[in-house]
Protein chains: 2
Amino acid sequence: MSSEPRVGSASELPLRDQAPLPRLGYLLKQAHLRFVERAAAALAPLGIGPREWAALVCFDDEHGLSQAQVAQRLGIDRTTMVALVDEMQTKGLVTRQPDSADRRKNHVKLTPHGRQTLKRGATIADETESDFLNVLSQEDSERLKAALNVVLQAVDED
Amino acid sequence: MSSEPRVGSASELPLRDQAPLPRLGYLLKQAHLRFVERAAAALAPLGIGPREWAALVCFDDEHGLSQAQVAQRLGIDRTTMVALVDEMQTKGLVTRQPDSADRRKNHVKLTPHGRQTLKRGATIADETESDFLNVLSQEDSERLKAALNVVLQAVDED
DNA sequence: TATTGTTATACTCTATAACTATA
DNA sequence: TATAGTTATAGAGTATAACAATA
């Protein structure tokens with residue numbers, strides 16, 4: 001829907017607000033919604049969804065991260081994490097090993113298949129992201145992400 | 001979690017990426033999640049949630065907008081819209097009136113209570129938004145919203 | 001007592017398919 | 001035939017409460 005002249009450079013965006021911008025909540029919801037559906041479609045060939053890929057990243061990131069810690073990082077409850085890891089285990093992406101130091105905890109380790117999926121997913125995630133942001137300049141893309149990152153860090157501190 | 005020096009001005013954000021930024025999907029999900037929970041808490045005294053407020057805005061925005069049209073604008077299915085309008089009607093926020101020109105359609109009109117709620121909600125939404133973005137300068141806040149808006153418009157065009 | 005993982009359960013938001021009444 | 005609203009239903013994602021094992 002539109003033969004309207006596209007905004008040429010995103011750097012000019014904030015200079016004049018000809019039409020009032022939608023509210024932040026609307027923008028965040030729609031952006032997240034659209035991005036997730038694209039990411040899901042792009043990751044589908046790997047047999048995983050965006051959440052599973054995010055979990056793979058976390059479990060690979062720092063060894064010895066417990067389920068609960070990864071859950072917190074992903075912003076989901078630890079009870080939700082259980083089913084997620086269950087499914088990843090069923091798919092042969094990870095293994096659960098009781099922590100020798102604290103046997104209440106699980107070490108969730110990536111299998112070779114998990115590591116391969118993580119690597120392939122990284123490429124797909126990068127492509128999805130740059131495709132999604134392709135109307136923005138490289139600088140504006142970085143600005144957008146940096147701004148969101150700063151806001152989140154501030155929010156986390158309460 | 002942090003006694004680290006906070007980034008002073010958000011305008012400096014993109015200049016140097018000392019630590020690699022999280023991926024876009026993560027940033028969008030967390031930002032949306034955090035914002036919605038704040039908005040929900042702030043709107044709770046009015047007896048409505050973020051979705052209902054967004055719907056109020058749409059129904060007030062342009063008179064004669066059908067349920068299906070508003071649903072599309074909100075990014076939800078028209079079947080989902082039914083229950084949403086049901087609840088808003090139960091709360092006395094809106095009325096359904098058959099369209100005289102096309103009786104398949106409903107005119108969803110705001111009641112006096114709906115208009116009052118809309119007005120109060122607007123104040124709350126503005127406060128929530130500026131509070132959420134308070135670590136960003138006014139300019140960077142506008143930049144963030146403008147960037148998201150441009151991306152969404154591009155995505156909508158497919 | 002507190003914490004990790006777990007289970008059972010339920011709630012919210014969402015969509016698909018099929019119906020109805022109009023057009 | 002096609003569309004707007006509706007209903008019934010199911011799925012995904014989520015959380016709360018309670019339990020076992022461990023600390």
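Bear in mind the structure is a predicted one, so any value in this text is a computation, not a measurement. A, B, ... follow the sequence lines: proteins, then strands. Residue 1 opens every chain.
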For [X] and [Y], which I'm curious about, is there any donor-acceptor pair between the side chains at under 3.5 Å?
| X | Y | value |
| --- | --- | --- |
| A/Q138 | A/S141 | no |
| B/D140 | B/S137 | yes |
| B/R78 | B/Q67 | no |

Could you tell me how far apart [X] ([atom1]) and [N] ([atom2]) are, to the nearest whole angstrom?
| X | N | atom1 | atom2 | answer |
| --- | --- | --- | --- | --- |
| B/H32 | D/dT14 | NE2 | P | 12 Å |
| B/M88 | C/dC13 | CE | P | 13 Å |
| A/K29 | C/dC13 | NZ | C1' | 9 Å |
| A/L33 | C/dA15 | CG | C1' | 12 Å |
| A/K105 | D/dT22 | NZ | C1' | 12 Å |
| A/Q72 | D/dT14 | CD | P | 15 Å |
| A/E37 | D/dA12 | CD | P | 17 Å |
| B/M81 | C/dA15 | CE | C1' | 15 Å |

Worksheet item: Any Lys/Arg nitrogen of A/K109 or A/D60 sitting under 4.0 Å from an Asp/Glu carboxylate oxygen of the other?
Response: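 No salt bridge links A/K109 with A/D60.
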
From C-beta outward on [X], which listed nucleotide comes closest to its side chain: [options]?
| X | options | value |
| --- | --- | --- |
| B/T80 | C/dT14, D/dG5, C/dG5 | C/dT14 |
| B/R51 | C/dG5, D/dG5, C/dC13 | C/dC13 |
| B/R96 | C/dT6, D/dA4, D/dG5 | D/dG5 |
| B/D86 | D/dG5, D/dA2, D/dT7 | D/dT7 |
| B/D77 | C/dT6, C/dA15, C/dA23 | C/dA15 |

Per the atom types in the model, does the base of [N] pair as donor or acceptor with the side chain of [X] at under 3.5 Å?
| X | N | result |
| --- | --- | --- |
| A/R78 | C/dG5 | yes |
| B/R103 | C/dT22 | no |
| A/T79 | D/dT16 | yes |

Discussion item. Strictly below 4.0 Å: does A/Q69 bring a side-chain N or O up to OP1 or OP2 of C/dT4?
Written reply: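 No.
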
Worksheet entry | Pairwise 5' ranking along DNA chain D for A/E87 and A/D99, keeping only the more 5' one |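 The 5'-side residue here is A/E87.
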
Worksheet entry | N/O donor-acceptor pair under 3.5 Å between B/K91 side chain and B/G47 backbone |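 Side chain of B/K91 to backbone of B/G47: a pair is present.
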
